[in-house]
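Accompanying notes for the structure given below.
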Amino acid sequence: MNLTLEAIRILDTIDRKGGFGAAAVALDRVPSALTYSVRKLEDDLDVLLFDRRGHRAKLTAAGRELLEEGRHLLRAADELEQRVKRTATGWEVELRIVLDALIPFERMLPLIAEYDAQAAGTQLRFATEVLSGTWDRLVSGEADLAIGVAYDGPDLVRGSGGFRVRPLGEIDWVFAVAPGHPLAALDEPLPAAVVRQHRAIATGDTGRMLPTVTSGLLTGQPTLTVPGMHDKLQAQLAGLGCGHLPRSWVQPYLDDGTLIEKRTDETKPDGTLRYAWRNDARGKCLKWFLNKLADPGVQHSLLG
């Protein structure tokens with residue numbers, strides 16, 4: 001007998017049930033059949049798997065090593081079986097979703113909880129990127145669905161016809177500064193020439209292959225580049241610079257005066273967010289999320 005999953009399963013059951021007799025009942029086999037299988041395996045491997053001295057057979061050190069490593073194989077085989085079954089029913093093994101940093105992950109939690117109620121078994125994997133980084137993940141095949149992309153996609157995407165893009169909703173951008181910032185006391189609207197003299201807080205584009213994108217910056221304006229939108233908010237609260245922020249993020253700070261909204265001559269960044277996916281994606285999990293993202297209520301909750 002070669003080492004098989006069936007042989008490992010027999011060892012596992014004997015160990016868990018505490019003996020050959022109980023294991024035979026659990027496996028619906030006669031005890032002599034289990035004894036034969038174990039002895040045949042010992043002969044094939046030329047090792048002793050059970051110490052049969054005393055009233056009860058106990059695993060030897062070699063038997064314990066075989067069982068512990070073999071249990072990894074049993075779990076992997078069970079997981080493979082489940083993946084194959086899910087695939088056969090149209091549910092993906094895994095759905096990879098990339099969020100733009102404008103959408104905090106916690107806003108996805110109610111949607112994830114609703115998805116879990118489907119008991120579909122598809123595993124979800126989330127990542128967060130900024131600006132072209134979201135498209136980068138989708139184009140490279142590292143993501144199946146991008147939520148919150150800030151533009152229609154690079155030229156190679158728009159020309160390929162391989163992706164679909166739908167509007168998610170509008171972001172209301174607010175140009176905000178801390179009360180102690182020099183721009184706070186100036187008359188409105190702030191001229192671009194004046195704003196350009198002060199450092200902007202910017203989130204760094206995380207794209208690796210696609211052209212870098214900037215948003216809301218003036219030509220020649222000094223910048224402090226930070227990892228994400230939360231970091232940008234904190235930097236502006238600290239008075240380290242100025243810039244546009246989503247109103248849904250800053251309204252509490254505008255209400256308590258720790259940030260001040262200022263009108264400017266310059267237009268705001270593009271306020272339309274979108275979601276995008278590959279044309280050739282057909283899985284049921286992706287379709288479930290696409291149906292939800294088309295719901296105005298879901299869109300409102302994601303954009304805050």
Side-chain angles (χ1 to χ4, degrees), residues 91-115 120 122-173 202-216 226-232 244 246 248-249 269-304:
W91 290 93
E92 306 93 320
V93 173
E94 181 179 73
L95 185 70
R96 300 161 301 172
I97 301 174
V98 58
L99 303 176
D100 187 274
L102 285 169
I103 299 180
F105 174 70
E106 56 264 27
R107 293 183 186 170
M108 292 294 301
L109 296 179
L111 202 56
I112 295 172
E114 188 175 348
Y115 163 74
T122 299
Q123 298 185 59
L124 304 178
R125 180 183 295 272
F126 284 87
T128 297
E129 300 285 352
V130 179
L131 294 172
S132 72
T134 52
W135 273 113
D136 199 300
R137 288 253 185 175
L138 199 59
V139 171
S140 67
E142 297 177 54
D144 307 299
L145 172 63
I147 302 177
V149 290
Y151 62 112
D152 286 333
D155 292 341
L156 68 90
V157 169
R158 291 195 297 270
S160 71
F163 300 87
R164 294 189 181 184
V165 184
R166 295 290 184 271
L168 183 66
E170 295 291 324
I171 290 283
D172 182 11
W173 290 100
T203 52
D205 188 302
T206 57
R208 300 176 297 281
M209 299 185 302
L210 300 176
T212 299
V213 175
T214 59
S215 179
V226 297
M229 189 58 63
H230 175 76
D231 308 291
K232 175 176 166 64
H244 290 90
S248 64
W249 288 60
D270 179 12
T272 303
L273 294 188
R274 306 154 179 86
Y275 58 99
W277 70 99
R278 290 179 169 274
N279 263 339
D280 57 4
R282 296 288 186 270
K284 289 184 178 179
C285 185
L286 174 62
K287 290 179 180 178
W288 187 91
F289 274 93
L290 292 177
N291 287 334
K292 288 297 177 181
L293 291 173
D295 184 331
V298 172
Q299 294 176 356
H300 179 75
S301 65
L302 291 180
L303 298 180

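All values below were derived from every heavy atom in this structure, side-chain atoms included, with hydrogens, water molecules and symmetry-related copies excluded. As the structure is a computational prediction, the values presented were derived from the model and not from experiment. Sequence positions, counted from 1, serve as the residue numbers for this chain.
Under the salt bridge (charged side-chain N to carboxylate O under 4.0 Å, His left out) criterion, the residue pairs touching residues 95-104 are R96-D144, with sequence neighbours excluded. Residue pairs meeting the salt bridge (charged side-chain N to carboxylate O under 4.0 Å, His left out) criterion with at least one member in residues 102-112: none, sequence neighbours excluded.
With a 4.5 Å cut-off on side-chain heavy atoms, F126 and I147 do not count as touching. Between D280 and F163, every side-chain heavy-atom pair lies at or beyond the 4.5 Å cut-off. Put simply, the side chain of C285 reaches to within 4.5 Å of the side chain of Y115, judged on heavy atoms. Contact check for P246 versus D172: no side-chain heavy atoms found under the 4.5 Å cut-off. In this structure, W135 and V165 have side chains that are in contact, with non-hydrogen atoms separated by less than 4.5 Å. Looking only at side-chain heavy atoms (C-beta outward), L273 and L102 come within less than 4.5 Å of each other. Using a 4.5 Å heavy-atom cutoff, the side chains of V98 and L138 are not in contact. In this structure, the side chains of F289 and I97 come closer than 4.5 Å at one or more pairs of heavy atoms.
Applying the side chain to side chain donor-acceptor pair (under 3.5 Å) rule to R166 yields no partners; only residues at least two apart in sequence or on another chain are considered. Contacts of T128 classified as side chain to side chain donor-acceptor pair (under 3.5 Å), with partners at least two apart in sequence or in another chain: none. Residues passing the side chain to side chain contact (heavy atoms under 4.5 Å, CB included) test with H230, sequence neighbours excluded: Q234, W249. With sequence neighbours excluded, the residues satisfying side chain to side chain donor-acceptor pair (under 3.5 Å) with K292 are E114. Considering only residues two or more places apart in sequence or on other chains, D136 meets the side chain to side chain contact (heavy atoms under 4.5 Å, CB included) condition with S140, R208, M209, L210. With sequence neighbours excluded, the residues that form a side chain to side chain contact (heavy atoms under 4.5 Å, CB included) with D295 are V298. With sequence neighbours left out, T272 forms a side chain to side chain donor-acceptor pair (under 3.5 Å) with E170. With sequence neighbours excluded, no residue forms a ring pair (Phe, Tyr, Trp, His ring centres under 6.0 Å) with W173. With sequence neighbours excluded, the residues satisfying side chain to side chain contact (heavy atoms under 4.5 Å, CB included) with V226 are I201, T203, L224, D231, K232.
A distance-only check finds a donor-acceptor pair linking the side chain of Q299 to the backbone of L293 [under 3.5 Å]. In this structure a side-chain-to-backbone donor-acceptor pair under 3.5 Å is missing from E129 to A101.
Rounding to the nearest 0.5 angstrom, the gap separating the OG atom in S132 from the CZ atom in R137 is 12.0 Å. Once rounded to the nearest 0.5 Å, the distance linking OG1 of T122 with CD of E94 reads 9.5 Å. Atom CZ of R125 sits about 11.5 Å away from atom CG of L95, to the nearest 0.5 Å.
Contact record, S248 with G304: CB-O, 3.2 Å, taken as the closest heavy-atom pair. Residue I103 comes nearest to L99 through the heavy atom pair O-CD1, 4.0 Å, listed as atom of the first residue, atom of the second, then distance.
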